[in-house]
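Take a look at the structure set out below.
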There are 4 protein chains.
Amino acid sequence: MAILVAAFELVGEVGYAGLTVEGIANRAGCGKQTIYRWWPSKAHVLLEALAVKADLYVTNADHGSYTDDVRAFLGDTFRLSRQQRVVDILRFLMAEAQINEEFGELFRSAFLQRRRDALQVVLDRARTRGDLPPRPAASTILDIVFGTLWYRLLATRQPTGDDLVEDLTATLTQAAQPRADIAIDMGDQQ
Amino acid sequence: MAILVAAFELVGEVGYAGLTVEGIANRAGCGKQTIYRWWPSKAHVLLEALAVKADLYVTNADHGSYTDDVRAFLGDTFRLSRQQRVVDILRFLMAEAQINEEFGELFRSAFLQRRRDALQVVLDRARTRGDLPPRPAASTILDIVFGTLWYRLLATRQPTGDDLVEDLTATLTQAAQPRADIAIDMGDQQ
Amino acid sequence: MAILVAAFELVGEVGYAGLTVEGIANRAGCGKQTIYRWWPSKAHVLLEALAVKADLYVTNADHGSYTDDVRAFLGDTFRLSRQQRVVDILRFLMAEAQINEEFGELFRSAFLQRRRDALQVVLDRARTRGDLPPRPAASTILDIVFGTLWYRLLATRQPTGDDLVEDLTATLTQAAQPRADIAIDMGDQQ
Amino acid sequence: MAILVAAFELVGEVGYAGLTVEGIANRAGCGKQTIYRWWPSKAHVLLEALAVKADLYVTNADHGSYTDDVRAFLGDTFRLSRQQRVVDILRFLMAEAQINEEFGELFRSAFLQRRRDALQVVLDRARTRGDLPPRPAASTILDIVFGTLWYRLLATRQPTGDDLVEDLTATLTQAAQPRADIAIDMGDQQ
DNA sequence: AGCTAAACGAGACGGTACGTCCTGTCTTCGT
DNA sequence: ACGAAGACAGGACGTACCGTCTCGTTTAGCT
């Protein structure tokens, strides 16, 4: 859809504050009414544009162990956050979600919750498999993983590199492996 | 300052989207120019109003051990986040920081970084004392703590209760208990 | 157009200094942008409102002689200037024309010059007919007629009565009738 | 006074619309309050600046005959109107007089009426001397002279040259030459 | 092939807030 | 004590978008 492409491109050029429905319509060569007919706000357009333009797919395939599952999930997730345009849009949508309550609910249920659900599958599998550490609680793990990711996007703007993946994976899985080899692994990891 | 009080009250009544410089001026009984003379945007007003109205003090006093220090810091921090008005303003400021690059830089340096610095003091003391676990890395700890907090504020809107404090404390400090030799290796890694 | 009516009425109530685009918009029940879309300033609105609301028609029909033509033209013109609302607007527009160069050019070409042209027709006809006095020059006649009118509007604020019409008519036409009956006419005239 | 000089210079640089009390204060190196202490508005400042900066003197000395007196008066007056800065300020003041009723009264009584009075002296002398034409009436003569002058300043913006002086002088005095008996009747008429 | 009707581009509209400018008053501070 | 400096409440400016609302004009799909 030309409108989604226009929104996706424009937000990269003028930022979220500079993005207007009028601007999207002009770029897309359509009337404003056509946009309002299908989306209630520019944030909704952007949310759909993100889904169309960006491959947001993150696997939660079984890698045999909880540790490997988590490492793979984090790697996939954090890899996505290296596409600057995508990251910017995610930041803008999270911002809008704070300001516009109606959009916030949509964003949480249609986007954020889906991410949590994907990781939840990994945790459920680990519990079934029996290698889920007793601590932290599953909901805390979800908060830590996505919290750390979002915090880097929103607050520190640091790149989310492989070292963080390893560090997080180790932190979340160490209690399951209270053995001496931890210290040995450490050298390589950093 | 009447302007800060007005902004603080108004944002609670009409939300951030409904907050206008004109509205603040009317409530404060001043002209718009007086606001623009001192702050470049409503977000800047709110940031200062937060500092004036809300007691954002979080201690990082020495409680004798890394575990107790972390528990106390998290308890203080999360307690703050039970003041709904304060939480809302924090959410709005974080949102604005995504949209307005200039404000974003101020918010990160004048607010977010100060919070990190406070926790960093606790970590530094633990390293000196010798009870800092080898993992995760100090910067990762900061990301996890504040990431989890902000994620709950922005994304899940769950209350930040004592159980989460305990769970996080345990996760961040558990590696220190099992075996003392891990700590010995840590010096290189950080 | 509701905007023109609103402007015409408002200027009578609050004067030109008190007239604002915002006020016109409120009275007309429209947005400010709608006014700015069609007129560059409140003066332009008023100029058009004048044309719509006031019947500015002045005849220059042939009355058989230069003297009668001039008397008729002056009578028509001065009669107009007894509508106070119209006079006020004319004064305000002439004032604005001094202050705003761009409006000044419009006012001169679209209003003042048209008045001159109408009288010029009378003079041309007299020249063809052969009863135009040799003096004063045509352009001086125009200056005298409109100068006197405008001076009364702007400076003395005296009513422009029939006596002035007669006096001016006589002054401008006397050279064509260098006869004794002038003295006889004088008595009636004052 | 530095304020008057500043106002006189500034109005030539930025026009009347661009002239502000603040600007005058800055240029004059004084505070705004000092200006408001002595003059109620920028127009009042300008009116006084005009009197100080421009030599507005017009003679009404006795040249022996009504015709010569009128010619001299017109010549003096019109000569003044070749100083562009002075003309501009006169135009602006006349404009302000239309818009600001309070200033209008001052301008009429303190400036316009004084000009009329000066010419009235010439007319009174002519009546005494006996060479005042019966027509037009004295007040009409005043209207014609100043009306024509102001009309050229405000409306046509034509230069006021010597030819106009001659044309006007002739028009206003011609009736006096043809026949002396006209003057005899005049006494009643005025 | 012609007809109907939905969706479209275009853009004017009533409205809100913006950030700037200037007003005329009031306060501070240095000489 | 005076006056420059400038903060202040107030209010209009002209602009930018908002979301709504006609307008004709395509563009189908259905007769």
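Only heavy atoms go into these numbers, but all of them, side chains included; no hydrogens, no water, no symmetry mates. Order of the sequence lines sets the chain letters (A, B, ...), proteins ahead of strands, with each chain counted from 1.
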Nucleotides 12-19 of chain F: protein proximity per nucleotide (B base, S sugar-phosphate only, - neither; heavy atom, under 4.0 Å): SBBBBSBB
Let me know the distance between NE2 of D:H44 and C1' of E:dG24, rounded to the nearest Å. 15 Å
If each of B:G29 and D:C30 is mapped to the nucleotide of DNA chain F with the nearest heavy atom, which maps nearer the 5' terminus, i.e. the 5' end? D:C30
Sequence neighbours excluded, every pair satisfying salt bridge (Lys or Arg N to Asp or Glu O under 4.0 Å) that has a member inside residues 29-44 of chain C: C:E22-C:K32
Can you name the side-chain contact (heavy atoms from CB on, under 4.5 Å) partners of C:Y151, sequence neighbours left out? C:A155, C:T156, D:R116, D:D143, D:F146, D:W150
Report the residues that fulfil side-chain contact (heavy atoms from CB on, under 4.5 Å) with B:A43, sequence neighbours left out, ordered by chain and then residue number. B:Y16, B:S41, B:L93, B:E96, B:F103
Give a yes/no on whether any side-chain N or O of A:R37 is located under 4.0 angstrom from OP1 or OP2 of E:dA7. no
Distance in Å, A:L106 CG paired with A:H44 NE2, rounded so as to fall on 0.5 Å steps: 5.0 Å
Atom CD1 of D:I35 and atom C1' of E:dT23 are separated, to the nearest Å, by 13 Å
So is C:R108 actually on top of C:F111's ring, under 6.0 Å and inside 45° of the axis? no
Whether D:W39 contacts E:dG24 is assessed here as follows: a side-chain N or O lying under 4.0 Å from the phosphate OP1 or OP2. Is that the case? no
What do you reckon, is CZ of D:R114 surrounded by more than 12 foreign heavy atoms closer than 6.0 Å? no
Whole-Å distance, B:Y16 OH to E:dA17 P, equals 15 Å
Spacing of C:M1 atom CE and C:I35 atom CD1 [to the nearest 0.5 Å]: 10.0 Å
Those residues at least two apart in sequence (or on a different chain) that pass side-chain contact (heavy atoms from CB on, under 4.5 Å) with B:A6 are B:I24, B:R27, B:A28
What is the distance, rounded to the nearest whole Å, between atom CH2 of B:W38 and atom P of E:dG19? 19 Å
Which of residues 88-99 of chain A have a heavy atom under 4.0 Å from DNA chain E? none
Does a side-chain N or O from B:T34 land closer than 4.0 Å to OP1 or OP2 of F:dA7, or not? no
Nearest-Å distance, CD1 (A:I3) to P (E:dA10)? 12 Å
Salt bridge check, C:D88 against C:R85: does any charged N sit closer than 4.0 Å to a carboxylate O? no
